[in-house]
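Taking it in order: structure first as structure tokens, then the write-up.
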Amino acid sequence: MDSMCGRFDQSQTARFYANVFGWADAVYDSQASPAYNVPPGTYRPVMHVQDGERRVDDVFWSYRAKWAEGKLPIAINARLDKLANRYWSRLLKNGRAIVPAEGWYEWTGEKGKKQPWHIHRKDRAPLFMLALANFGEFVENRAEAGFVLVTDDAADGMLGIHDRRPVVLEAADAALWLDPGIAPEQALELARRAALPPAAFEWFKVTPDVNRANADSAAMALPLAD
């Protein structure tokens with residue numbers, strides 16, 4: 001469990017992302033508004049297939065299994081190389097999900113002077129980020145029914161900001177990831193093989209206002225004037 005990808009830009013509507021994905025027939029249970037600066041601990045639209053139905057539901061960003069209360073920290077990301085372990089394997093089988101977004105944020109510099117960067121596809125198409133979620137109700141802690149973003153090593157050529165990045169797939173591959181008919185091992189193999197390479201992305205510095213979790217405006221996704 002690592003703390004990479006602690007913010008993302010999901011500034012289009014859930015319906016917009018579902019339509020781009022080819023899900024005109026999706027069932028929506030989403031009240032979340034578009035947001036430029038999404039922090040953990042908020043409810044965001046997540047795409048998944050449940051009982052044969054294509055769904056877009058608002059899910060809490062943060063997860064900890066109920067039995068892990070007091071034993072393990074709450075996670076916001078899950079490492080791709082750990083998804084087959086005991087902690088994540090149930091979600092890998094039954095909780096594969098996609099979080100659509102425009103981009104995500106990373107930081108450079110030292111504490112107190114951190115510079116945020118907006119990372120996005122060069123063609124500015126939406127990102128379909130791999131996620132795992134426990135869909136349904138929680139008993140004690142909201143994080144029991146939450147989601148995490150799947151991350152992998154940031155390969156060479158990525159902005160030298162962080163050693164991890166979200167796993168992003170093209171829509172057709174992301175649809176396969178969501179297919180309940182695919183075994184967990186196949187889903188893992190797909191994530192490794194089809195992840196968009198660093199060359200698909202670009203990045204620019206953005207306003208330090210992004211550092212405040214409750215700040216949100218269109219200016220956050222614009223390049224900082226030098």
Side-chain angles (χ1 to χ4, degrees), residues 4-5 7-28 30 34 36 38 44-50 52-57 59 61 77-81 83-84 88 91-106 117-133 147-159 162 164-204 221:
M4 178 265 138
C5 197
R7 292 294 163 74
F8 58 88
D9 167 5
Q10 197 179 43
S11 49
Q12 300 279 3
T13 64
R15 214 166 277 275
F16 169 86
Y17 291 122
N19 285 340
V20 170
F21 201 68
W23 275 21
D25 60 347
V27 176
Y28 294 86
S30 174
Y36 288 91
V38 174
R44 299 309 307 170
V46 172
M47 304 168 67
H48 65 116
V49 177
Q50 192 174 329
E53 203 170 57
R54 296 165 162 182
R55 298 194 54 89
V56 183
D57 294 315
V59 184
W61 183 16
N77 301 137
R79 295 170 60 112
L80 182 62
D81 57 350
L83 295 193
W88 298 114
L91 297 190
L92 180 64
K93 186 177 179 200
N94 303 316
R96 295 196 299 272
I98 292 291
V99 176
E102 299 306 294
W104 77 92
Y105 297 98
E106 287 298 351
W117 297 71
H118 187 286
I119 306 176
H120 44 269
R121 285 180 59 139
K122 282 179 180 168
D123 61 9
R124 297 315 292 258
L127 308 184
F128 296 110
M129 303 188 291
L130 300 196
L132 295 180
F147 77 86
V148 291
L149 294 176
V150 176
T151 66
D152 197 12
D153 288 328
D156 298 337
M158 260 329 236
L159 174 62
H162 206 289
R164 306 200 61 77
R165 62 185 174 120
V167 178
V168 177
L169 299 190
E170 296 286 6
D173 292 320
L176 274 176
W177 164 263
L178 292 180
D179 182 348
I182 284 183
E185 301 73 32
Q186 290 173 289
L188 268 184
E189 183 50 41
L190 170 75
R192 281 194 286 263
R193 178 177 50 76
L196 289 183
F201 301 95
E202 63 183 10
W203 39 84
F204 47 64

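Quantities reported herein were computed from a predicted structural model and do not represent experimental measurements. The first residue of the sequence shown is numbered 1, and numbering continues consecutively from there.
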Closest non-hydrogen contact found for Ala78 with Leu83 is CB-CD2, 3.7 Å
Taking only residues two or more places apart in sequence, or in another chain, which ones meet Asp81 in a side-chain hydrogen bond (donor to acceptor under 3.5 Å, both in side chains)? Arg79
Would Leu169 and Leu190 count as a side-chain contact (heavy atoms from CB on, under 4.5 Å) here? Give the steps. CA-CA 9 Å; Leu169 299 190; Leu190 170 75; 4.3 Å; yes
Closest contact, heavy atoms only, Ala187 versus Ile182: N-CG2, 3.6 Å
Please list all pairs passing the side chain to side chain donor-acceptor pair (under 3.5 Å) test where one or both residues lie in residues 8-22, with sequence neighbours left out. Asp9-Ser11, Asp9-His118, Gln10-Arg44, Tyr17-Glu102
So, for Trp104 and Arg165, which heavy atoms are closest and what is the spacing to 0.1 Å? CZ2-CB, 4.0 Å
Under the side-chain hydrogen bond (donor to acceptor under 3.5 Å, both in side chains) rule, collect the residues that match up with Arg54, sequence neighbours excluded. Asp25
When rounded to the nearest 0.5 angstrom, what is the spacing between CE in Met47 and OH in Tyr28? 7.5 Å
Are Phe21 and Val56 side-chain neighbours, meaning at least one heavy-atom pair lies under 4.5 Å? no
Roughly how far, to the nearest 0.5 Å, is NE2 of His48 from CG of Asn94? 12.5 Å
If you look only at distance, which donor and acceptor atoms sit under 3.5 Å apart when one is on a side chain in residues 122-133 and the other is two or more places apart or in another chain?
from: Lys122; atom 1: NZ; to: Ala199; atom 2: O; distance (Å): 2.9
from: Asp123; atom 1: OD1; to: Arg121; atom 2: NE; distance (Å): 3.0
from: Asp123; atom 1: OD1; to: Ala125; atom 2: N; distance (Å): 2.9
from: Asp123; atom 1: OD2; to: Arg121; atom 2: NH2; distance (Å): 2.9

Please determine which of Asp152, Leu196, Thr151, Leu149 meets the side chain to side chain contact (heavy atoms under 4.5 Å, CB included) test together with Val167. Asp152
Among pairs that include at least one residue of residues 171-189, which meet side chain to side chain donor-acceptor pair (under 3.5 Å), considering only residues two or more places apart or in two chains? none
Tell me every residue that passes side chain to side chain contact (heavy atoms under 4.5 Å, CB included) with Ala172, counting only those two or more places apart in sequence or in another chain. none
Please give me the minimum heavy-atom distance between Val46 and Phe147, naming the atom from each residue. CG2-CD2, 3.8 Å
Kindly indicate whether the side chain of Val168, heavy atoms from C-beta on, has any atom under 4.5 Å from the side chain of Phe201. yes
